[in-house]
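Everything on this sheet refers to the single structure shown next.
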Amino acid sequence: MQVDLEGGVAADVAKGLGQRPRVLPAKYFYDRRGSELFEEICATPEYYVTRTETRLLRDVAPQLAKHVGPRARLVELGSGSSTKTRIVLDALVKPASYVPVDISADFLSDAAERLALEYPEIQVVPHVADFTRRFSIPDSAAGDRTVVFFPGSSIGNFTPVGIPSLLRRVRDKMGSNGQFVVGIDLVKDAAILNAAYNDEAGVTAAFNVNMLVHLNRYDDVKFVVDDFEHRSFFNVDESRIEMHLVARNDTVVLAGGEQF
């Protein structure tokens, strides 16, 4: 199961391939298999981000709970397996509801079912949506204030132009008494960053290439998956990690009736 995204997947792909450099939206990493692979990435020895953020969340959880107060509605963007969310839920004072928002419907449903069993006193309201565009929070989710949770340094997937738009959408959804908790990675030694996105087991490479497998399931999109390989590196000038899909040879991509 997957979300039929507004505007059409083929249109997104065609628009991205028409740019220079060519780009594909990061949201298309996350079908069920992509979500599973990302969980595997988080467990690789090289990927420090999850372990570091988990430690930080445990340290700041009491302070966070004090600021948030009781009966909060916790909304997580790109929730995945909701692993780190448990730290926040355990610290909050009688949270009213938890709204995991994710684009991968099947993966979201499974994770939400597990959370609902673990936290029967909290209303769990999974919401399938593309939060990179306008999204809603289900009216059925209870709470005295909305706290939007965006961990994992995923904000780095947005361009400098895209980040303000995201922040405006979050501000609209959380209201005047809401709060935004966001994870942001800091620049490390390039060797550490490059290793984190080029793990020895090749999980990140499989995750990257799986985007093409995912896109091929949609009408009017066709990549020859074997024509592409993973390449990732720290771009010093832009101060960011970049994930690339590099063509091994001349290849043709079909998207929305166009050839690239």
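This chain uses plain numbering: 1 for the first residue, then up along the sequence.
Rounded to the nearest 0.5 Å, atoms CG (Leu57) and OG1 (Thr52) are 11.0 Å apart. In this structure, Arg168 CZ and Ile163 CD1 are separated by 11.5 Å, a value rounded to the nearest 0.5 Å. Rounding to the nearest 0.5 Å places CZ of Arg169 at 7.5 Å from CZ of Phe135. With rounding to the nearest 0.5 angstrom, the CZ atom of Phe149 is 10.5 Å from the CZ atom of Phe180. Note that the CG atom of Leu215 and the CG atom of Asp12 stand 9.0 Å from one another [nearest 0.5 Å]. One distance of note links CD of Glu258 with CG of Leu17; it measures 9.0 Å at 0.5 Å rounding.
The cluster map of Ile, Leu, Val, Met, Phe, Trp and Tyr, joined by side-chain heavy atoms under 4.5 Å apart, puts Tyr197 and Phe207 in the same cluster. Leu254 and Val213 are members of different hydrophobic clusters when ILVMFWY side chains are connected at heavy-atom separations under 4.5 Å. No path of Ile, Leu, Val, Met, Phe, Trp and Tyr side chains, each step under 4.5 Å between heavy atoms, connects Phe150 with Leu92, placing them in separate hydrophobic clusters. Under the 4.5 Å side-chain heavy-atom criterion for Ile, Leu, Val, Met, Phe, Trp and Tyr, Val148 and Leu56 are members of distinct hydrophobic clusters. Placement of Leu77 and Leu108 in two distinct hydrophobic clusters is found when ILVMFWY residues are connected by side-chain heavy-atom separations under 4.5 Å, directly or transitively.
Evaluated for a side chain to side chain contact (heavy atoms under 4.5 Å, CB included) with Leu245, the options Leu212, Asp227, Val225 yield exactly one hit, Leu212. Tested against Leu166 for a side chain to side chain contact (heavy atoms under 4.5 Å, CB included), the candidates Ile155, Val182, Asn157 yield a single pass: Ile155.
Residues Pro164 and Val161 approach most closely at CD-O, 3.3 Å, considering heavy atoms. The two residues Arg145 and His67 make their nearest non-hydrogen contact at NH1-O, 3.4 Å. When all heavy atoms of Glu46 and Arg51 are compared, the closest pair comes out as C-NH2, 4.3 Å. Residues Thr204 and Ala196 come closest through the heavy atom pair OG1-O, 4.0 Å. The nearest pair of heavy atoms linking Glu53 to Ser153 is OE2-N, 4.3 Å. For the residue pair Asp102 and Ser79, the shortest heavy atom distance occurs at OD2-N, 3.3 Å.
Between Ser104 and Arg32, the side chains place no donor N or O within less than 3.5 Å of an acceptor N or O (distance only, hydrogens not considered). For the residue pair Ser82 / Tyr98, a side-chain donor-acceptor distance below 3.5 Å is found, with atom types taken as modelled.
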Problem set entry | side chain to side chain contact (heavy atoms under 4.5 Å, CB included) assessment of Arg73 paired with Ile137 | CA-CA 10 Å; Arg73 176 193 301 111; Ile137 296 175; 3.9 Å; yes
Exercise. For Phe233 and His244, what are the C-alpha separation, side-chain angles and deciding distance, and is it a ring pair (Phe, Tyr, Trp, His ring centres under 6.0 Å)?
Worked result: CA-CA 9 Å; Phe233 57 87; His244 294 255; 5.0 Å; yes
Exercise. So Asp185 and Tyr48, side chain to side chain contact (heavy atoms under 4.5 Å, CB included) or not? Walk me through it.
Worked result: CA-CA 10 Å; Asp185 194 14; Tyr48 62 88; 2.5 Å; yes
For this session: Given side chain to side chain contact (heavy atoms under 4.5 Å, CB included), test Leu24 with Val13 step by step and report yes or no.
Result: CA-CA 6 Å; Leu24 293 171; Val13 174; 4.1 Å; yes
Problem set entry | Pair Val147-Leu64, side chain to side chain contact (heavy atoms under 4.5 Å, CB included): steps then yes or no | CA-CA 11 Å; Val147 179; Leu64 178 63; 5.6 Å; no
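Annotation for Lys15: atom NZ does not count as buried by contact number, only 12 or fewer foreign heavy atoms lying within 6.0 Å. In the displayed structure, Arg231 atom CZ is contacted under 6.0 Å by at most 12 heavy atoms of other residues, nucleotides or ligands. No more than 12 heavy-atom neighbours from other residues, nucleotides or ligands sit within 6.0 angstrom of CG on Asp139. Atom CD of Glu121 has more than 12 neighbouring heavy atoms from other residues, nucleotides or ligands inside a 6.0 Å radius.
In this structure, Ser136 and His127 have side chains that are in contact, with non-hydrogen atoms separated by less than 4.5 Å. Here the side chains of Phe234 and Val187 are in contact, with some heavy-atom distance below 4.5 Å. Proximity of Phe29 to Asn208: side-chain heavy atoms (C-beta onward) are separated by under 4.5 Å at one or more points. Counting only heavy atoms from C-beta outward, the side chains of Gln179 and Val68 approach each other to under 4.5 Å. Side-chain contact between Leu115 and Leu89 is present, with heavy atoms from C-beta onward closer than 4.5 Å. For the pair Phe228 and Phe223, the minimum side-chain heavy-atom distance is below 4.5 Å. Proximity of Asn216 to Lys222: side-chain heavy atoms (C-beta onward) are separated by under 4.5 Å at one or more points. Residues Val9 and Arg217 have side chains not in contact (no heavy-atom distance under 4.5 Å, counting atoms from C-beta outward).
Aromatic ring orientation, Phe131 versus Phe158: tilted (interplanar angle from 30° to 60°). Aromatic ring orientation, His214 versus Tyr28: perpendicular (interplanar angle above 60°, classes split at 30° and 60°).
Panel note: side chain Ser109, backbone Asp106; no donor-acceptor pair is recorded below 3.5 Å. A side-chain donor-acceptor contact under 3.5 Å links Thr54 to the backbone of Thr50. No donor-acceptor distance shorter than 3.5 angstrom exists from the side chain of Gln123 to the backbone of Gly143, with no hydrogens or angles considered.
Using a 4.0 Å cut-off between charged nitrogen and carboxylate oxygen, Glu40 and Arg33 count as a salt-bridge pair.
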